[in-house]
Structures are given as C-alpha cells and as structure tokens.
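Each chain gets a letter, A, B and so on, in the order its sequence line appears, and its residues count up from 1.
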Number of protein chains: 2
Amino acid sequence: MARRTRARRGEGDKLRQEILEAAHALLVETGSQDAVSIRAIADRVGVTPPALYMHFPDKDQLFFELCESYFQNFAGALEDATRSVDDPVESLKRAGEAYIRFALENPEHYRVLFMSGGGTPPDRELTELAGFRCFMALVEQVQKAVDLGKFRPVEAFPTGVVLWASVHGLASLLITDDHFPWPAVETLIRNQIETTIGGLLA
Amino acid sequence: MARRTRARRGEGDKLRQEILEAAHALLVETGSQDAVSIRAIADRVGVTPPALYMHFPDKDQLFFELCESYFQNFAGALEDATRSVDDPVESLKRAGEAYIRFALENPEHYRVLFMSGGGTPPDRELTELAGFRCFMALVEQVQKAVDLGKFRPVEAFPTGVVLWASVHGLASLLITDDHFPWPAVETLIRNQIETTIGGLLA
DNA sequence: TGTACATCAGTGAACGCGCGTTCACTGATGTAC
DNA sequence: TGTACATCAGTGAACGCGCGTTCACTGATGTAC
C-alpha cells in the first residue's frame with residue numbers, strides 16, 4: 001500500500017475529495033455499490049480504512065454523497081439539452097435523447113440512480129425527490145404539447161410515465177444486456193423516441 | 001435448526017427439490033441472488049450446508065437451475081397469451097401485456113432474468129439464448145404486421161427492440177421504484193402498449 | 001428368519017477469506033511563550 | 001529565534017460477522033448370505 005503524505009491542518013477536504021473520487025472509480029470498475037468496500041477505497045487512496053471515518057460517518061453516507069453528485073450531472077445533462085427549446089415536442093425529443101445518452105455514457109451512475117432497486121434509505125429519498133422534479137418538468141412539456149394541439153388530448157401525468165418508461169427501457173436494456181446483437185445505437189435511440197412520440201401526436 | 005429425517009435410498013431428488021424451493025423462497029424474500037447464501041438455504045431446508053454439495057456442484061449451478069425454471073415460466077406466459085391469436089397487432093399487444101404482468105407478478109424472477117446485469121456466466125447464456133428466441137418470435141409478428149400493411153414499413157428487428165424496451169421500461173420502473181406515485185397499473189399498461197403500437201400503425 | 005456387511009446421504013468441524021467498524025495510539029503540524 | 005506543548009489526521013491491531021467450500025466421519029438404510 002502506497003503511503004501518502006499526511007494532510008496539512010486545513011487540508012482535510014483534500015483527502016475527503018480523494019476518497020469520493022476513489023469510490024467513484026471503484027464503482028465504475030465494479031458496477032455495484034455492494035462490490036466497493038471501504039477497505040478497497042482506502043487502499044486506492046493510500047490510507048488505512050479507519051481514516052475514512054474521519055470524513056464520513058459510515059459507508060452509506062459516503063455513497064449517498066456520491067449519488068448526490070451523480071444526480072446533479074444527470075439533471076444538468078437534461079437541462080442542457082432542453083435549454084432554449086421552445087417547442088414542447090422538440091424539447092421532449094431532446095430530453096429523451098439526452099436521457100439515453102447520459103445512461104450509456106455513465107452506465108454505472110445510471111445503474112446506481114435508476115436500477116439499483118432497494119438502495120440505502122438516504123439514496124432513495126434523494127433519487128425520489130430530485131428525480132420527481134425532473135419527471136414533473138417532463139409532465140409540464142407533455143401538457144404544453146396537448147394545450148398547443150400537437151399531442152392528442154392525453155392525460156399528462158400517465159403519459160409522462162409512458163415517455164419515461166420508453167427511454168428508461170432502452171437505456172437499461174442496453175446497459176444490462178452486453179451480448180444481445182443490438183442494431184446501431186443511433187438507430188435505436190431515434191426509433192425509440194420517434195415511435196413513442198409518434199404514438200402521441202394529434 | 002430443525003432436523004429432517006434422512007432420505008431413503010432412492011429419494012435423493014426429494015432433498016434436491018426442497019433445496020431449489022428454499023432457494024426460490026429466499027430469493028423472493030431478499031430480492032437478490034447475492035443475498036441468498038448457501039447457509040441460509042441449508043438452514044431453511046433443515047440440513048447442514050455441505051449437504052447441498054451432494055446435489056449441486058456449486059452455488060452458481062444451483063441458481064442456474066433456478067433461472068432455467070423461471071425462464072420456462074416466463075416463456076410459457078407469453079405463449080399462453082398469444083396462442084391462437086391470428087392478428088399480429090393483437091398478438092403483439094397481448095404479448096406486451098403478458099410480459100408486463102409476468103414481471104409484476106414475479107418481480108424477483110424478472111429481476112434475475114432481465115435486470116441482474118452481470119450475472120453468472122451460465123445464467124447469461126441461458127437468458128440470452130432462450131430470451132433471444134422469444135425476441136425473434138416478436139420480430140416475426142412485427143414483420144407480419146408490416147407485410148399485412150397494418151404497420152408502417154419499418155425494419156422488423158430494430159422495431160422489435162422498440163417494443164421490448166417499451167414494456168421492459170415500464171415493468172422495470174414499476175419493480176424498482178416503490179415510492180413513486182404511480183397512476184393505476186392498468187392505465188399504465190394500456191397507455192404504454194397503445195402508445196407504442198400506435199406509433200407504428202400505418 | 002437372522003446376522004454381517006456395504007453403501008452413501010448427511011454431519012460437524014474447520015479452512016481461509018473479506019467485510020464494516022471500534023479503539024487506543026502516534027507523531028507531524030502548528031501555536032504560545 | 002528557540003523550546004515546550006496542544007492538536008488532531010491518520011495508524012495498527014483487533015472485534016465479531018457471514019461467506020463458499022473441503023474433508024474425514026457417522027450411522028441409518030438396504031442387501032447378501
């Protein structure tokens with residue numbers, strides 16, 4: 001195990017940051033929160049396991065903070081994709097595309113955020129609250145599309161679920177099934193979004 | 001730990017069956033293959049852990065057999081739903097509905113079969129081969145719908161992916177997110193299938 | 001029918017492993033005089 | 001400027017745990033004579 005030079009008085013946050021980065025790297029390598037151990041993180045940073053407890057009360061809290069940052073990335077990606085897009089239908093298409101692309105570019109983040117099932121209690125709350133806000137933005141766009149007469153007069157909330165399920169379905173299948181003979185990803189993304197949106201057009 | 005009476009000479013299969021049933025029950029309770037230990041299975045059956053090795057070479061093989069039976073149930077449910085349905089569009093709708101219902105009624109089976117990510121090597125092969133056959137049946141129906149002029153002239157294989165992703169998306173979201181304020185499941189299933197199929201109609 | 005024996009399903013103890021977390025401690029860093 | 005001291009980031013050893021798997025064994029079951 002490589003020794004690291006001890007932090008100066010004010011530099012406690014440096015190790016804290018390194019711990020989060022190491023945890024992130026290991027999560028990417030193993031693909032599962034359970035498979036990343038406190039000991040492995042400490043080893044990666046070059047520190048003994050108890051040192052982590054100077055910065056995090058326990059393992060759950062450590063991963064909770066990691067999730068928090070993942071979710072910010074995710075929400076940011078969606079926002080970037082739809083910023084200054086007025087047409088709600090176009091906005092939904094771009095959000096859907098950005099959603100799937102984020103999942104494919106950050107499969108481990110996506111897995112933790114949306115496919116991890118149980119998860120630890122604090123994680124769940126976070127994902128649910130922040131995720132719910134993202135979802136409601138989607139519902140708003142659906143309502144707008146209905147009001148403008150571009151969509152059939154569907155109920156906005158359940159229709160939001162249809163769209164979410166559609167993009168989540170493609171993203172999670174692609175992440176999970178490595179060996180399936182997938183057609184070109186670009187084609188799949190386009191088909192998925194065009195078909196689903198197409199089913200809603202007036 | 002409750003003692004069980006030792007099996008008669010020819011009754012080795014009885015314990016074997018009990019082991020599979022206990023493993024299944026524990027999988028349903030914990031929701032994850034990793035969380036079910038050899039020791040817990042043995043305990044549930046009323047036998048010591050090494051006894052399991054009389055019937056299975058290792059833990060992976062045990063769960064592989066479990067998966068195998070799950071997949072038979074799944075494929076059977078799809079077949080039952082589409083038997084003697086001639087119209088390919090109707091067949092696709094029924095298969096989609098049966099798919100989602102199977103997932104919701106057997107969330108642990110579904111999780112193991114389609115959401116478990118890595119999984120053990122033998123499991124993967126099985127799911128991929130048997131799953132691929134189910135998928136190709138779906139693709140056939142799509143092609144038939146195109147040939148009959150009921151669907152737009154889409155490519156059958158990538159369109160099969162759209163349909164699969166759509167039902168998988170709803171099923172896996174419902175299984176994963178217990179706390180989301182889901183509208184009525186019946187509504188969600190209907191919307192998901194009608195919208196996606198609707199996007200393909202000629 | 002009665003007894004000696006072979007079979008083999010299941011046992012009990014142990015293996016080495018990695019885990020999250022605790023606790024008393026050390027020793028470089030910074031401070032007060 | 002030099003020295004004694006307080007701080008506190010990080011250490012080393014240990015805790016109790018559950019895991020999959022192994023191995024020599026036991027003892028009821030069934031068989032051969």
- Message: Requiring both pairing distances under 3.5 angstrom, list the stems that contain DNA chain D and are made of three or more consecutive Watson-Crick or G-U pairs.
- Response: C:2-33 with D:2-33
Return a table of donor-acceptor pairs under 3.5 angstrom between the side chains of residues 160-174 of chain B and protein atoms on other chains or two or more places apart.
{"residue": "Trp164(B)", "atom": "NE1", "partner": "Tyr99(B)", "partner atom": "OH", "Å": "2.9"}
{"residue": "Ser166(B)", "atom": "OG", "partner": "Gln192(B)", "partner atom": "NE2", "Å": "2.9"}
{"residue": "Ser166(B)", "atom": "OG", "partner": "Thr196(B)", "partner atom": "OG1", "Å": "2.8"}
{"residue": "His168(B)", "atom": "ND1", "partner": "Tyr110(B)", "partner atom": "OH", "Å": "2.6"}
{"residue": "His168(B)", "atom": "NE2", "partner": "Ser172(A)", "partner atom": "OG", "Å": "3.1"}
{"residue": "Ser172(B)", "atom": "OG", "partner": "His168(A)", "partner atom": "NE2", "Å": "3.1"}
{"residue": "Ser172(B)", "atom": "OG", "partner": "His168(B)", "partner atom": "O", "Å": "2.8"}
{"residue": "Ser172(B)", "atom": "OG", "partner": "Gly169(B)", "partner atom": "O", "Å": "3.3"}

- Task: Report yes or no: do Gln143(A) and Asp147(A) form a side-chain donor-acceptor pair below 3.5 Å?
- Result: yes
- Item | For atom CD1 of Ile19(B) and atom P of dG10(C), their distance in whole Å | 8 Å
- Query: Taking Lys59(B) for the side chain and Val36(B) for the main chain, is one N or O donor matched with an acceptor at less than 3.5 Å?
  - Reply: yes
- Item | Sequence neighbours excluded, every pair satisfying salt bridge (charged side-chain N to carboxylate O under 4.0 Å, His left out) that has a member inside residues 19-32 of chain B | Glu29(B)-Arg44(B)
- Query: With respect to the side chain of Pro50(B), which nucleotide from dT11(C), dT11(D), dG20(C) is positioned closest?
  - Reply: dT11(C)
- Set of side-chain hydrogen bond (donor to acceptor under 3.5 Å, both in side chains) partners for Asp86(A), sequence neighbours left out: none
- Query: In whole Å, what is the span from the CE atom of Met54(B) to the P atom of dA9(C)?
  - Reply: 5 Å
- Task: Look only at the side chain of Arg94(B) and the backbone of Thr82(B), and say whether a donor-acceptor pair between them is shorter than 3.5 Å.
- Result: no
- Note on the structure: Rounded to whole Å, CG of Asp13(A) lies from P of dA9(D) at a distance of 11 Å
- Can you tell which of dT21(C), dT21(D), dG10(C) lies closest to the side chain of Val47(B)? dG10(C)
- Task: Spell out protein contact along nucleotides 14-19 of chain C as letters: B when the base is contacted, S when just the sugar-phosphate is, - when no protein heavy atom is under 4.0 Å; keep the 5' to 3' order.
- Result: B----B
- Whole-Å distance between dT22(D) P and Tyr53(B) OH? 7 Å
- Query: Going by an N to O cut-off under 4.0 Å, is there a salt bridge joining Arg83(B) and Asp80(B)?
  - Reply: yes
- Mind calculating the distance between CG (Leu15(B)) and C1' (dG10(C)) to the nearest angstrom? 9 Å
- Message: Over 60° means perpendicular and under 30° means parallel, so tell me whether Phe157(A) and Phe132(A) are parallel, tilted or perpendicular.
- Response: tilted
- For Ala81(A), check side-chain contact (heavy atoms from CB on, under 4.5 Å) against everything at least two apart and list the hits. Ala98(A)
- Task: Would you kindly give the CG-to-C1' distance between Asp43(A) and dG20(C), to the nearest whole Å?
- Result: 16 Å
- Rounded to whole Å, CZ of Phe56(A) lies from C1' of dG10(D) at a distance of 15 Å
- Item | Separation of dA9(D) C1' from Leu52(A) CG (nearest whole Å) | 13 Å
